[in-house]
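Every value quoted in this text rests on a predicted model; they were computed, and no experiment measured them.
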2 protein chains.
Amino acid sequence: MSPASRESGGRDLRRNAPIFAALGDATRLKLLTKLSRGSRVSIARLTEGSTLTRQAITKHLRVLQDAGLVRGVRRGRENLFELEPEPLDEARRALDVISRQWDQVLARLKSFVE
Amino acid sequence: MSPASRESGGRDLRRNAPIFAALGDATRLKLLTKLSRGSRVSIARLTEGSTLTRQAITKHLRVLQDAGLVRGVRRGRENLFELEPEPLDEARRALDVISRQWDQVLARLKSFVE
DNA sequence: TTCATATGCAACCTCCTGGTTGCACAATAG
DNA sequence: CTATTGTGCAACCAGGAGGTTGCATATGAA
């Protein structure tokens with residue numbers, strides 16, 4: 001068994017806190033869905049249609065980037081952002097860890113009741 | 001198709017922001033793993049072994065409860081907390097939505113390169 | 001060159017979050 | 001009854017998050 005999963009199972013889950021925190025904002029989720037269409041999008045275009053300032057959007061993108069969910073590549077005068085697949089998969093796996101234990105608990109409970 | 005999934009796919013994702021926000025804290029993730037063992041645990045016992053105050057733990061539990069991830073039931077003088085399975089599953093499904101689109105994008109990209 | 005576009009940086013503001021302390025109160029234990 | 005245990009509530013505090021504005025700068029277009 002790997003060291004991470006041996007130690008009470010909580011450590012590798014706790015590692016994902018920054019990712020979840022980055023996901024815990026409606027504006028940022030909106031940005032992610034815009035980016036999930038696949039093309040690289042500039043900050044200006046990501047700001048279009050939002051009530052927020054370009055600077056606000058920039059800050060949100062920074063948060064997403066620090067969490068590793070997104071990456072910005074420079075092209076000419078614009079900064080194009082694209083999704084970064086791996087961390088999200090990891091977060092999903094982390095949720096799997098809890099809900100799997102959860103399921104076991106429920107199954108145990110159910111068999112106890114029946 | 002449901003109304004939620006029809007509207008640009010982003011709305012039902014954005015609904016999960018509070019859940020992700022609740023998950024975005026190391027202390028709360030630790031609490032969740034403690035609770036994922038299945039038994040109902042009192043605030044006092046959840047506080048044991050932590051460097052934080054009971055009040056701090058209480059506040060975190062409140063956040064988890066407001067996000068619907070946890071539920072407190074009163075027994076005598078103590079407040080026992082237990083997990084609430086459904087919202088977490090929903091959050092996981094929400095992540096699935098992004099990463100599935102993501103995968104499609106990557107697949108498209110790959111087939112384009114090859 | 002000259003103008004417009006896309007961004008970056010920094011200062012500033014307000015409000016929420018995470019944490020503490022102190023006190024009051026209900027429920028058990030002896 | 002009295003002491004102890006488990007909570008709840010409120011006030012308070014420091015720091016960070018989200019947002020704005022103003023200005024500087026690089027690139028592209030004409």
Between the two ends of the helix from C/dT1-D/dA30 to C/dG30-D/dC1, what is the bend in degrees, rounded to 10 degrees, where each end axis spans five pairs?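 End-to-end axis angle: 30°.
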Could you tell me the separation between the [atom1] atom of [X] and the [atom2] atom of [N], rounded to a whole number of Å?
X	N	atom1	atom2	answer
B/Leu61	C/dG19	CG	C1'	15 Å
B/Glu78	D/dG8	CD	C1'	15 Å
B/Leu80	C/dT28	CG	C1'	15 Å
B/Leu46	D/dT5	CG	P	19 Å
A/Phe81	C/dG8	CZ	C1'	11 Å

Rounded at 0.5 Å granularity, tell me how far CZ in A/Arg37 sits from CG in A/Leu83.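 The CZ atom of A/Arg37 sits 11.0 Å away from the CG atom of A/Leu83.
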Short question: side chain of B/Arg74, backbone of B/Arg77 - any donor-acceptor pair under 3.5 Å?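 Indeed, once roles are kept as given, a pair shorter than 3.5 Å links the two residues.
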Taking A/Arg40 for its side chain and A/Leu80 for its backbone only, find out whether a donor-acceptor pair lies under 3.5 Å.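 Absent.
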Sub-4.5 Å side-chain heavy-atom contact between A/Arg28 and A/Leu23: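 The answer is no; the side chains never approach within 4.5 Å.
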Please give me the minimum heavy-atom distance between A/Ala67 and A/Ala22, naming the atom from each residue.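 Taking every non-hydrogen atom into account, CB-CB, 3.6 Å.
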What is the minimum heavy-atom distance between B/Gln65 and B/Gly72, and which atoms define it?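 In this case the closest contact between B/Gln65 and B/Gly72 is NE2-N, 3.4 Å.
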Assign a letter to each nucleotide of nucleotides 17-30 of chain D from its 5' end: B, base within under 4.0 Å of a protein heavy atom; S, sugar-phosphate only; -, no contact. -SBBBB----BS--
Quick check on side-chain contact (heavy atoms from CB on, under 4.5 Å): which of B/Leu29, B/Ile19, B/Leu35, B/Leu32 does B/Leu64 satisfy it with?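 Among B/Leu29, B/Ile19, B/Leu35, B/Leu32, the one that satisfies the side-chain contact (heavy atoms from CB on, under 4.5 Å) with B/Leu64 is B/Leu32.
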Under 4.0 Å from OP1 or OP2 of C/dA6: is there any side-chain N or O of A/Asn79 that close?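 False: A/Asn79 side-chain N/O out of range (4.0 Å or more) of C/dA6 OP1/OP2.
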Listing, residues 46-55 of chain B side-chain donor-acceptor contacts under 3.5 Å, not counting sequence neighbours, or none:
{"unit_1": "B/Thr47", "atom_1": "OG1", "unit_2": "B/Ile43", "atom_2": "O", "d": "2.8"}
{"unit_1": "B/Ser50", "atom_1": "OG", "unit_2": "B/Leu52", "atom_2": "N", "d": "2.9"}

